[in-house]
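The analysis underlying the following values was restricted to heavy atoms, covering all of them including side chains, and did not include hydrogens, waters or symmetry mates. Residue numbers start from 1 in every chain, and the chains themselves are labelled A, B, ... in the order their sequence lines are given, proteins ahead of strands. On a predicted model such as this, the values are computed, not experimentally measured, just so you know.
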Amino acid sequence: MQINTNSEKPIFLQIAEGIEDAILSGAFSEESQIPSITEFSVNYKINPATALKGINILVDNSILYKKRGLGMFVSSGAMDVLRSKRREQYFEHYIMNLVSEAKRLDLTEHEIHSMIERGFKDELYRS
Amino acid sequence: MNCIEVKNVTKYFGKLCTLDNVSLQFEENKIYGLLGRNGAGKSTLFNIISNRIFATSGKVLLDGENIINNDDTSGKIFLMNDKNQYSNTMKIKTIFKWMKAFYPDFDEDYANQLSKDFSLDTNKYVKSLSTGYISIFNLILALSVNTPYLLLDEPVLGLDANHRDMFYRILLQKYSEKPCTIIISTHLIDEISSLLENIIIIDQGIIMKIESLEQLLSQYYTISGNASSIDTYLKDKQVLGTETLGGLKTAYVLGPVDQKVPYNLAVSTLDLQKLFIQLTNKEEGLR
């Protein structure tokens with residue numbers, strides 16, 4: 001995961017999303033321990049309070065839980081929860097942007113359909 | 001109460017007023033950025049807080065005690081700057097040994113370990129070091145003293161990118177394990193902003209801002225688009241500054257983003273360095 005300090009997105013949100021991505025990709029598996037606040041802080045050169053703020057979002061959403069004296073762990077079922085959350089956001093984050101850029105470029109709905117089909121085919125060859 | 005309180009401090013050098021009735025408080029265990037242009041009064045403030053020079057008027061309290069000629073408070077605070085204030089006839093390793101006499105919690109083993117990490121030869125004399133290594137030597141002292149208050153005046157002066165990166169990481173590691181109050185002054189704002197929790201901006205001896213980084217940045221935004229639409233938009237706004245590139249204009253604005261931003265204008269946030277430049281620009285901007 002990468003932290004971009006010049007991004008529009010606050011660093012604590014980037015930390016939270018970075019951890020979500022790592023859970024979704026399986027890099028942080030359910031019931032496994034994630035790195036400590038200190039490790040996030042030192043690794044990304046950010047104030048520990050910022051790292052804590054990012055992690056606390058995920059604790060509040062029950063994606064992570066604290067084990068007293070041990071550290072932070074990924075909740076079981078976190079992957080399903082995140083996947084359905086990301087699916088809900090998919091329309092707003094991707095489809096709405098895709099449609100508004102298409103309108104700017106005078107691309108028709110039909111042209112977009114065929115591009116999506118081509119995208120899925122290319123993805124097949126790649127994987 | 002564990003904090004540094006600066007109360008109505010004024011400092012004159014001859015007729016020149018370097019600090020003008022400065023009052024502020026540093027909360028315990030936070031990392032502060034003290035930002036100011038050249039000659040703004042940063043080093044003067046550091047020198048007064050660490051009892052190296054006297055204020056013309058006003059006072060500084062550390063954990064409630066006046067710092068003037070006070071052995072208790074001077075052992076709690078460490079100022080690192082680019083001056084070499086150590087003996088030129090002592091080897092670095094000897095200086096490490098002596099530090100404990102003044103700072104009982106100085107960790108000599110840790111200082112030697114850091115010297116290895118930064119490839120600093122402790123058999124050398126400080127006077128024989130390059131600019132970068134004088135900074136490194138001073139940083140190693142600062143990282144090893146274990147005082148509750150640490151003032152770092154331009155800590156990365158002359159350090160190469162690798163050593164700066166190492167320093168930021170070691171500082172955060174240290175701070176996470178053993179929190180203390182750290183005040184850093186630097187001109188490399190972009191590089192250090194993510195380490196900071198609170199910001200102080202000083203300009204011509206006056207404290208301009210003191211608040212959390214998040215709060216400070218949330219009060220401003222930039223807006224850009226074609227110049228005529230921007231000019232119309234800005235009519236009833238408080239503008240810090242503008243930049244024009246051909247028909248494109250970018251403005252730095254104070255205040256919350258209003259809901260009625262025209263669709264052809266793009267709003268974005270400011271980073272600390274941009275905000276600092278706009279706030280302390282002499283030519284234009286709100287003072």
For [X], is the [atom1] atom crowded, meaning more than 12 foreign heavy atoms sit under 6.0 Å from it?
X	atom1	answer
A:Q89	CD	yes
B:K274	NZ	no
A:E31	CD	yes
A:Q2	CD	no

If you measure from [atom1] on [X] to [atom2] on [Y], what distance do you get to the nearest 0.5 Å?
X	Y	atom1	atom2	answer
B:L196	A:N47	CG	CG	7.5 Å
A:S7	B:D271	OG	CG	11.0 Å
A:K45	B:I192	NZ	CD1	10.5 Å
A:I46	B:S193	CD1	OG	11.5 Å

Legend entry - Region of A:K9 that comes under 4.5 Å of a non-hydrogen atom in chain B: neither

Legend entry - When A:V42, A:T38, A:T5, A:T50 are compared by non-hydrogen pairs under 4.5 Å with chain B, the top option: A:V42

Inset, instruction - Give a yes or no on whether the backbone of A:N43 and the side-chain of B:R169 come within a donor-acceptor separation of less than 3.5 Å. - result: yes

Inset, instruction - Grab the two heavy atoms, one from A:I11 and one from B:S194, that are nearest each other, plus how far apart they are. - result: CD1-CB, 3.7 Å

Legend entry - Proximity breakdown for B:E214 and chain A, heavy-atom pairs closer than 4.5 Å: side chain

